[in-house]
Each structure stands twice: as structure tokens, then as C-alpha cells.
Amino acid sequence: MLVSAAEMLKKAKAGHYAVGQFNINNLEWTKAVLLTAQENNSPVILGVSEGAGKYMAGYKTVVGMVNGMLEELKITVPVALHLDHGSYDACYKCIEAGFSSIMFDGSHYPIEENIEKTKELVKVCAEKGISLEAEVGSIGGEEDGVIGMGECADPKECKAIADLGIDFLAAGIGNIHGKYPENWAGLSFETLDAIQQLTGEMPLVLHGGTGIPTDMIKKAIDLGVSKINVNTECQLSFAAATRKYVEEGKDQQGKGYDPRKLLAPGFEAIKETVKEKMEIFGSVGKA
Ligand code: 13P
């Protein structure tokens, strides 16, 4: 059964480790992440962006697929199904569809409006036992070939949002989605420290987990990060393994064109990446 992410992240914050949110794109992705979590006895969060939800034929399809897998694959570790960077409307759709956790990304609204909408969702989520992530300060990334640098969140605004009764908070600390550019300045630990001082027990979320050096990840966990989002890195390992299979001509040997064979190396590559991340985050054995 899907669970809210509130409890697992409270435990992670108290135990000084982080739980990975791995974004899913299709059946192979979902199965790879769930099996790796089970094999490593780790709690896990499945992230679904609005785009991925649409790609997978809608949120209800995703809920059906994930619930089916939990049962058929006998997954017993805690699993949350989480909307990633949800708009106000998408949050309601996912609550309705049966997600166990949502992120309302109101970071592009003026802070007053972000607070107002987050407050409303706190109430709705609490009634349903769904966990809620909010965001302050934008997280950069590539858009139309231009890489926007992440802007650092204002710790006081973080405190204002944290106090609304959300379960965990994403705060921009110079992190960005996708690959980091050569001239990236690194995470702002000064900002993270200031945020954690004001928000106390609140589990903090680090987006853009792909490509952040291990020492920075560990330092971020020391400073209160309890959830780390990873998306691009699984896509890169899936693509590399699939490319290798095709370049070696394996799809043209025997029944190598069978999707169950063609997608197998990519599937294994996702499992390997997820396992590596769980080890670095310290969530192995914490289910
Ligand atoms: P990456 O794609 O950089 O790993 O970021 C994932 C993320 O933060 C999803 O919200």
C-alpha cells in the first residue's frame, strides 16, 4: 500500500540520511525503482512530473500501475507516489487519482499567493493523509538551450511556508535540474544552514540531484536535507545502456528486437544508478 512520505522523511531527518525521489517515466522505470528499493530494504519516493503523468496516459493509469506492482512484486518497503512540481490544478487531480504525496510548486507566484495556495492545500492534504511539499526560491535548469542558475531562497520566506503545516520543503540553494554547467558555483551551504536554523525539524528537499558531487550531497544531508530528487541521471544511464545494445547490433541478433530484450540493459542500468544513490544517501536498510 502506498504511504505518505511524511513519516519516512521525519525518520530520515532524525537519522541523518536522505530518502531518494526517483522520477518514473514508464513501466520499466517504475519496476526498476521498486525492485531496487525492496532489494536494498530502503524507503523510496516515486516522482511523477506533470509531463510524465501525461506521457503515462494520466495520473489514474500511474496509480493503477504502481498499486498493481506493489502487490504483484510483493513490495513491503515504504513507497510514496509523489507529484513532482505540481501546479495548483495538477495537485487536485493527483489527490483525486490516489497519489499519496504531492508537491505544490508555487515558487513562481508572489510569496503571498504561494502562502495562500499552500495553506489551502495543507488543509486538503491533512484531511486525506497525503504529504505535501512546498517550494521557495526557484530551481534553475535548462529551458530552450539556456541554463538558468538556481536562485537561493530567502530563509525567512522558507520559515513562513514551513510554518503553514507542510510536511517537507524544497528550497533553492543554487541547485538546478539536469546536468550542471562547467562554471556551476556549487551548492550554497550558507543558505542551507540559515534555512535549517529557522525551520528546525522540517525535512528539507534537494532537487536536481543529478551530478552533485558526493561530498556536497553528504554535507547537504548533514545540514538537514532528507529528500533528494534524481531524474536525469537515470535517463542518462538508461540511454547509455540502450545505445550500447543497439550499437553492438544486438537488436539484430536472434530475437534481440523483442522489447523485453531491447529494454533490459537500460532497466538494469536504472537499477544500478538507483542502488548507488541509495548507498550515498544512506537509506539502505532503513525501511
Ligand atoms: P535532476 O533531473 O537534475 O536529477 O533533477 C530531478 C528533480 O529535481 C526532480 O524534481
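Just follow the structure's listing: the first ligand is 1, and inside any ligand the first atom is 1.
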Practice problem: Please determine if Gln21 has a nitrogen or oxygen closer than 3.5 Å to a nitrogen or oxygen of ligand 1. | Solution: no
Quiz item: Got a sec: does the CD of Glu96 have more than 12 other heavy atoms crowding it under 6.0 Å?
Solution: no
Subset of ligand 1 atoms that lie under 4.0 Å from at least one heavy atom of [X]:
| X | result |
| --- | --- |
| His85 | 10 (O) |
| His207 | 8 (O), 10 (O) |
| Thr232 | 1 (P), 2 (O), 3 (O), 4 (O) |
| Val230 | 4 (O) |

Exercise. Give a yes/no verdict on a cation-pi contact between Lys117 and Tyr88, requiring under 6.0 Å between NZ or CZ and the six-membered ring centre and an angle within 45° of the axis.
Key: yes
Quiz item: So which heavy atom in the protein is nearest atom 8 (O) of ligand 1, and how far is it from that ligand atom?
Solution: Gly208 N, 2.7 Å
Quiz prompt | Nearest non-hydrogen protein atom, atom 3 (O) of ligand 1 | solution = Gly178 N, 2.8 Å
Quiz item: Within less than 4.0 angstrom of ligand 1, does Glu233 place any heavy atom?
Solution: no
Practice problem: Could you tell me whether ligand 1 has any atom less than 4.0 Å away from a heavy atom of Gly47? | Solution: no
Practice problem: Check Glu39, Glu28, Glu276 against Lys271 for a salt bridge (charged side-chain N to carboxylate O under 4.0 Å, His left out) and give me the one that passes. | Solution: Glu39
Quiz item: Who are the salt bridge (Lys or Arg N to Asp or Glu O under 4.0 Å) partners of Lys275, not counting sequence neighbours?
Solution: Glu279
Quiz prompt | Close aromatic pair by centroid cut-off 6.0 Å: Trp29 and Phe22 | solution = no
Quiz item: Considering only heavy atoms, which of Asn231, Leu206, Asp84 lies nearest to atom 6 (C) of ligand 1?
Solution: Asn231
Quiz item: Which one holds for Thr210 and ligand 1: side chain close, backbone close, both close, or neither close, with close meaning a heavy atom under 4.0 Å?
Solution: both
Quiz item: When the ring planes of Tyr59 and Phe99 are compared, do they come out parallel, tilted or perpendicular, using 30° and 60° as the limits?
Solution: perpendicular
Self-check item: Distance-only side-chain donor-acceptor flag, Ser237 / Glu272, under 3.5 Å
Solution: no
Quiz item: Salt bridge or not for Lys159 and Asp163, using N-O below 4.0 Å?
Solution: yes
